J.: 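Could you have a look at this structure, given as structure tokens, before my questions?
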Amino acid sequence: MALEKHESRPVAEKGEHIIARHLIEDENIKEEKNLVIDGVDVSGRWNTFIISRVDSEFDRSFFEEIKKTVAGSRINRCWQCGMCTASCTVTPLYRRFNPRAFIYMMQLGNLKELKKYIDVAWRCVGCYKCSQRCPKQVNPAEMMEALALVIKKYFPEEVETKLKLDEEVKKIYEDMIIGHGRLDLAKLHTSAMQKSGRTKELLGKIERGAILKMAKDGRAFSILKLGKPHNWGSSRKAIENYLHKLNTIENGEAGV
Amino acid sequence: MSENILVIGGGPAGLNAAVMLSELGVNVALVERDSFLGGNPKKFKYKFLFPDMQPADNVIGELIKKAESGGNIKVYYSSEVSDFKENGKKFDAVIKSASGSETKTFDSVIVATGFEHFDPARDAKYSYQLFDDVIDIKDLERMMGENNFVRPSNGKPPKKVAFILCVGSRDRHVGNQYCSRVCCTVSVKQAIEMREHFPDCEAYIFYMDIRTYGFFEDLYWKAMEEHDVQIVKGRIAEITSGPDNTVVCKGEDTLLRGPFEIPFDMVVLASGMEGGPQSPEISSKLGIELDEHGFLKPENVTLSPFKSNKPGVFLAGACTGPKAISDSITEGAAAAMNAYTYAVKNR
């Protein structure tokens, strides 16, 4: 009778038989519909396995790969003091963005751990405060670049699905660089707002305050006077050529 | 008439004290328990010394040569002070050796009985002596000295080696709460040596704090920046056997908050220093104080670290606490100066 009851019980959740289920991450639970071990059929409630969370390898080849790149050449120097994370401008906004930990994961080749941070690993804004303060001259800012490249290489699918490049913002950004040769954050912000139809917010409370402040300290006028770098025409041509080539290659690869 | 001074212990501190006193024209009786001079560095065949990697022979060998070349030093090998009495401001000591006992009166005494390497077998979690591939820093030092750096289990060169710091130090469980001062630097030095001679072999150092104090820090930086030695934060709680004849270090990566069980070809334990059985022995024989760590206690650790609580008995080297060879040599000279002053004053 009791057996029948069990059989009729619907399997609702992954690993629902596990006591203290909340302590175990979904991806660490393995359930097979039909499982035979050493000739014994263990299908049913005995087919639930918890994968060990223990790290069982330091993969040094990964470290060697990073070390060969220009941005990551100083990875061997890091002694994990945390000065980079402490000085980081991004960490206060995204606590999961931790340059110190990312460097450590790269040192030990811990891709399993690194994979959990694909969504935030790209957040470095390149302010270089960490590189300026690093006592060992590791250059963590550029290490984050190396990290981005690594993630792109090892987890192309996740990058594709988890990170979506905002094509509109990219277009605005490119236009500004090609058109002016300079990046102006106020202008970037305004055009991005305009293009995404958030014009109302442009004259919101915060923006009004910012405009007033900028008018007072003179920054507003320097924006208006934003000129082009000397002889920008030829540089612009080079960039356009490069982008064109890049497009051709990409299209070629995609078989377009 | 020249002074008579007794020096107990023929390691770096005792040797330097004896050599300096001899140069002052003092008659020195150097009592050594082993059949050779040089103390632990000689006994365990240290090869290169930190921080400048100079051959240990340049230092220890030089001192032994000076002490043995005669002068005013009489060396008593394989001998000990079997009886010790105060005689006014002087001391009567019986020196017992294989050839018999000799009673002599000394104006002052220098104790330089040194330290003992912590025996890692006492701490079962490290599986020392259980697995052939678990060795300690003194074993590795001898291997390097004999140009025989291979896995003890199969005689093949290792590809992945772990150094574990603070073995027998900073651990209430084994009864030693102090830091042994030199093991970090020795381990880092050995990792550099290993990577220099065997670049194929990866080196990992498991640490809680790395205490390569002063300019020894240079070695630590060099190990990371020039030799890619990887440091991993976390103490090892267990060493077990692993697949393919490996030894597995079980620990917690405290920076990522995750447990690990990593197989290695060889594990090197940075065993610390202890006062050894000789410290309480000499303490009761000479009537000088022992401290709570099992080393001899100086009268004042800051003002007179080379004086014992008994006037006329001086201390030098690692018998008062973990010390680098250079510090022991310095203390030998300091104790010699003080012992000489005491002897001359009470002539």
Side-chain angles (χ1 to χ4, degrees), chain A residues 23-25 27-28 50-68 72-86 95-96 98-117 121 134-140 143, chain B residues 159-163 184 188 191-192 195 199-212 217-234 236-238 240 242-244 246-265 267:
Chain A
L23 295 176
I24 298 149
E25 286 167 31
E27 56 179 37
N28 283 353
I50 305 170
I51 298 166
S52 170
R53 214 167 66 86
V54 174
D55 296 329
S56 56
E57 200 190 12
F58 291 153
D59 184 5
R60 216 44 179 169
S61 60
F62 189 71
F63 166 91
E64 299 291 348
E65 191 184 328
I66 304 269
K67 212 186 148 202
K68 272 187 206 134
S73 61
R74 285 173 170 183
I75 187 167
N76 56 342
R77 291 186 168 209
C78 178
W79 60 9
Q80 296 289 305
C81 64
M83 191 79 96
C84 45
T85 305
R95 281 184 77 106
R96 286 173 61 242
N98 186 333
R100 194 262 316 148
F102 295 154
I103 294 172
Y104 195 55
M105 291 167 200
M106 289 196 279
Q107 278 183 338
L108 297 180
N110 195 340
L111 285 171
K112 206 173 88 191
E113 194 68 25
L114 216 46
K115 196 179 167 186
K116 295 181 189 164
Y117 297 89
C134 175
K136 284 265 245 167
Q137 291 177 309
V138 172
N139 203 346
M143 205 65 75
Chain B
K159 288 270 167 274
K160 208 169 171 187
V161 173
F163 291 83
C184 287
V188 162
I192 292 175
R195 292 277 298 163
D200 290 350
C201 185
E202 293 170 8
Y204 296 85
I205 297 180
F206 292 101
Y207 72 103
M208 177 165 77
D209 304 283
I210 290 197
R211 297 182 163 175
T212 46
E217 186 79 357
D218 294 346
L219 275 184
Y220 172 26
W221 288 47
K222 191 176 159 191
M224 294 181 83
E225 297 181 3
E226 288 171 32
H227 299 283
D228 290 353
V229 173
Q230 178 63 48
I231 56 165
V232 182
K233 188 156 180 160
I236 301 302
E238 213 172 330
T240 54
D244 308 323
T246 51
V247 272
V248 174
C249 289
K250 189 171 178 221
E252 194 221 343
D253 190 327
T254 56
L255 294 171
L256 291 181
R257 302 214 301 178
F260 61 72
E261 285 168 24
I262 311 281
F264 287 95
D265 291 340
V267 174

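In what follows, every chain begins at residue 1, and chains take the letters A, B, ... in the order their sequences are listed. None of the values given here were measured: they were computed from a predicted structure. Note: hydrogens, waters and symmetry copies are ignored here, and every other heavy atom, side chains too, is used.
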J.: Is it the backbone or the side chain of A:Tyr104 that comes under 4.5 Å from a heavy atom of chain B, or both, or neither?
T.: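 Interface part for A:Tyr104: side chain.
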J.: Please name the pair of heavy atoms, one in B:Pro263 and one in A:Ser56, separated by the smallest distance, quoted to 0.1 Å.
T.: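 It is CD-O, 3.4 Å.
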J.: Closest heavy-atom contact between B:Asp253 and A:Leu108?
T.: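 Smallest interatomic distance, heavy atoms only, reads OD2-CD1, 3.6 Å.
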J.: Is it the side chain or the backbone of B:Glu261 that comes within 4.5 Å of chain A heavy atoms, both, or neither?
T.: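 For B:Glu261, backbone and side chain are both near chain A.
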J.: Report the option among A:Arg74, A:Glu113, A:Arg100 that has the most heavy-atom pairs separated by less than 4.5 Å from atoms of chain B.
T.: A:Arg100
J.: Mind checking whether A:Trp79 and B:Tyr220 have parallel, tilted or perpendicular rings, split at 30° and 60°?
T.: tilted
J.: Among A:Asn110, A:Asp55, A:Asn98, who wins on heavy-atom pairs under 4.5 Å with chain B?
T.: A:Asp55
J.: List the residues meeting salt bridge (charged side-chain N to carboxylate O under 4.0 Å, His left out) with B:Glu238, not counting sequence neighbours, and say none if there are none.
T.: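 B:Lys250.
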J.: Are more than 12 heavy atoms, taken from residues, nucleotides or ligands other than A:Lys136, located less than 6.0 Å from that residue's NZ atom?
T.: yes
J.: Could you pull out the closest heavy-atom pair between B:Leu256 and A:Ala101, with the gap in Å?
T.: CD2-CB, 4.2 Å
J.: Return a table of donor-acceptor pairs under 3.5 angstrom between the side chains of residues 226-233 of chain B and protein atoms on other chains or two or more places apart.
T.:
unit_1, atom_1, unit_2, atom_2, d
B:Asp228, OD1, A:Lys67, NZ, 3.2
B:Asp228, OD1, A:Asn76, ND2, 2.9
B:Asp228, OD2, A:Lys67, NZ, 2.9
B:Gln230, OE1, A:Arg60, NH1, 2.8
B:Gln230, NE2, A:Gln107, OE1, 2.9
B:Lys233, NZ, B:Met208, O, 3.3

